[in-house]
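Below is one structure; the comments refer to it alone.
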Amino acid sequence: MEVENMLAKRIGTAGENAPYDNCCKKLLASKQILAWILKTCVSEFMDCSAKEIEEKYIEGMPQVGEVPVHQDESVEFIEGTNTEDVTITEGTVRFDIRFWAVSPNDGERIRLLINVESQNKFNPGYPVVKRGIYYCSRMISGQRGTIFTGENYGEIRKVYSIWVCAKPPKYRRNTITEYSMQERNLIGEVTEGQENFDLLTVLVVCLGGSTEKNYEGLLKMLDVLLSSKVQPEKKKEILQNEFDIAMTKTMETEAMEMCNLSQGIVDETLVNAIISMMRKLNLSEEECMEALEIPEEQRESYHMMLEDEMAVNQS
């Protein structure tokens, strides 16, 4: 038996409101959509299929409107009603979508922190690129105390901030532009390892509609997805037939999702137990895992989950 999956339901619910704020964020946050964005925009994934990225490289569930961009640690915090912290001086500014992805490169397991933002106004009173650089900077500085401590700057993870602009000026329609750090020798010739400076990248994805050139691939897919004129059933048809984005799921996949949900509950319980033991009993992470009899082959995975949980708690 086949039923509509979550993306199809969101398309149907969004209707003509698809380009706007919460509806847009929920549509973009689908792993199937994020996989296409990564395949097209992020160099580490360009040789992968969207399906492969969705199933193997996007970790966990993307956080939608949960993580504050900045917090003033010097003032009292006010507990908000939407899972975010609000500071007296800075108010609430949250990342639209934020998630971790694992680079498919051979060798060492490299995790990337990805932020995707929807932007209706291309000129909101400041350059979108500068805001993207600021968001990248906050994602890097926010790793201190969670991903690395002290002066262990070598542990910093690469970050991406990807901005999807629905209504850009004509000269930018149907374009995707990358802004990144590059090495340039001024005197002499030296070569630094790229992994030591290639740490932040901003991408600006400007939609433009079918009347403009370059209307294909990701640009067409996002234009259809976020259109206020294309009917939901037509959207589903195009996304499924042209981009191989599933709109249904079988009972078998639903059962698998339930198994994954159950495992997720177990994982969350164990992660919380480890954090509690570390704080109350002053045990190391490894000592906690040993006490909880977590198998050796699973400990790296739990280490990653601990990093994420501690990052969220300190955000």
Side-chain angles (χ1 to χ4, degrees), residues 21-46 53-54 57-71 82-85 90-103 110-122 124 126-148 156-166 168 176-181 198-207 218 222 225-226 304 307-315:
D21 200 25
N22 287 336
C23 288
C24 182
K25 284 188 285 190
K26 289 179 180 178
L27 291 170
L28 291 176
S30 163
K31 280 190 174 183
Q32 296 184 84
I33 302 303
L34 293 175
W36 266 92
I37 292 174
L38 294 186
K39 175 174 175 53
T40 306
C41 298
V42 177
S43 58
E44 286 86 349
F45 298 100
M46 288 182 179
I53 296 169
E54 175 197 348
Y57 299 123
I58 296 177
E59 291 191 336
M61 294 304 296
Q63 296 169 299
V64 183
E66 296 179 17
V67 183
V69 174
H70 47 63
Q71 295 182 339
N82 295 315
T83 73
E84 78 281 3
D85 288 326
E90 293 187 318
T92 304
V93 179
R94 291 164 288 168
F95 294 106
D96 280 1
I97 302 162
R98 203 187 75 159
F99 62 97
W100 287 97
V102 180
S103 170
I110 301 173
R111 299 173 80 223
L112 309 171
L113 184 55
I114 316 287
N115 159 234
V116 176
E117 298 285 323
S118 61
Q119 183 75 19
N120 255 323
K121 294 181 179 179
F122 186 81
Y126 54 79
V128 168
V129 173
K130 283 191 174 182
R131 186 173 177 182
I133 293 171
Y134 175 75
Y135 275 32
C136 282
S137 302
R138 295 301 296 192
M139 286 191 289
I140 288 178
S141 64
Q143 294 178 38
R144 184 180 178 91
T146 55
I147 304 302
F148 74 96
I156 292 175
R157 309 288 169 80
K158 185 176 180 180
V159 302
Y160 281 88
S161 188
I162 303 171
W163 293 71
V164 178
C165 302
I176 300 176
T177 311
E178 176 185 282
Y179 304 88
S180 58
M181 297 183 69
D198 182 23
L199 291 175
L200 63 86
T201 298
V202 177
L203 289 120
V204 180
V205 180
C206 294
L207 308 184
L218 179 68
L222 290 177
L225 178 71
L226 302 179
M304 297 294 188
E307 284 186 345
D308 287 346
E309 184 64 25
M310 293 171 74
V312 170
N313 288 340
Q314 294 195 19
S315 294

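Sequential numbering from 1 along the given sequence is applied to the chain's residues. Values below: every heavy atom of this structure, side chains too, minus hydrogens, waters and symmetry copies.
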Kindly assign one of parallel, tilted or perpendicular to the pair Phe45 and Tyr57, based on the angle between their ring planes and the thresholds 30° and 60°.
tilted
Do [X] and [Y] have side chains that get closer than 4.5 Å, going by heavy atoms?
{"X": "Phe99", "Y": "Gln63", "result": "no"}
{"X": "Val164", "Y": "Leu226", "result": "yes"}
{"X": "Thr201", "Y": "Cys136", "result": "no"}
{"X": "Phe95", "Y": "Val64", "result": "no"}
{"X": "Leu225", "Y": "Ile33", "result": "yes"}
{"X": "Leu112", "Y": "Val159", "result": "no"}
{"X": "Ile97", "Y": "Asn115", "result": "no"}
{"X": "Ile176", "Y": "Cys41", "result": "yes"}

Would you compute the distance between atom [atom1] of [X] and atom [atom2] of [Y] and round it to the nearest 0.5 angstrom?
{"X": "Tyr126", "Y": "Lys121", "atom1": "OH", "atom2": "NZ", "value": "10.0 Å"}
{"X": "Cys24", "Y": "Asn120", "atom1": "SG", "atom2": "CG", "value": "7.0 Å"}
{"X": "Leu203", "Y": "Thr177", "atom1": "CG", "atom2": "OG1", "value": "8.5 Å"}

Would Trp36 and Ile53 count as a side chain to side chain contact (heavy atoms under 4.5 Å, CB included) here? Give the steps.
CA-CA 8 Å; Trp36 266 92; Ile53 296 169; over 6 Å; no
For [X] and [Y], indicate whether the former's side chain and the latter's backbone hold a donor-acceptor pair under 3.5 Å.
{"X": "Ser30", "Y": "Leu27", "value": "no"}
{"X": "Lys31", "Y": "Pro62", "value": "no"}
{"X": "Arg138", "Y": "Val69", "value": "yes"}
{"X": "Asp96", "Y": "Val116", "value": "no"}

Between Tyr160 and Glu44: side-chain donor-acceptor atoms closer than 3.5 Å:
yes
Between Leu200 and Met181, is a side chain to side chain contact (heavy atoms under 4.5 Å, CB included) present by the stated rule, with each step listed?
CA-CA 7 Å; Leu200 63 86; Met181 297 183 69; 4.1 Å; yes
[X] versus [Y], closest heavy-atom pair with distance:
{"X": "Leu28", "Y": "Ser118", "result": "CD1-CB, 3.9 Å"}
{"X": "Gln119", "Y": "Pro124", "result": "NE2-CG, 3.4 Å"}
{"X": "Leu199", "Y": "Ile140", "result": "O-CD1, 3.9 Å"}
{"X": "Cys165", "Y": "Val204", "result": "SG-CG1, 4.0 Å"}
{"X": "Leu38", "Y": "Ala101", "result": "CD1-CB, 4.3 Å"}

Val129/Trp163 under side chain to side chain contact (heavy atoms under 4.5 Å, CB included): CA gap, chis, key distance, verdict
CA-CA 9 Å; Val129 173; Trp163 293 71; over 6 Å; no
Check step by step if side chain to side chain contact (heavy atoms under 4.5 Å, CB included) holds for Ile156 and Ile147.
CA-CA 7 Å; Ile156 292 175; Ile147 304 302; over 6 Å; no
Matching residue for Leu113 among Lys158, Arg157, Met139 - test: side-chain contact (heavy atoms from CB on, under 4.5 Å):
Met139
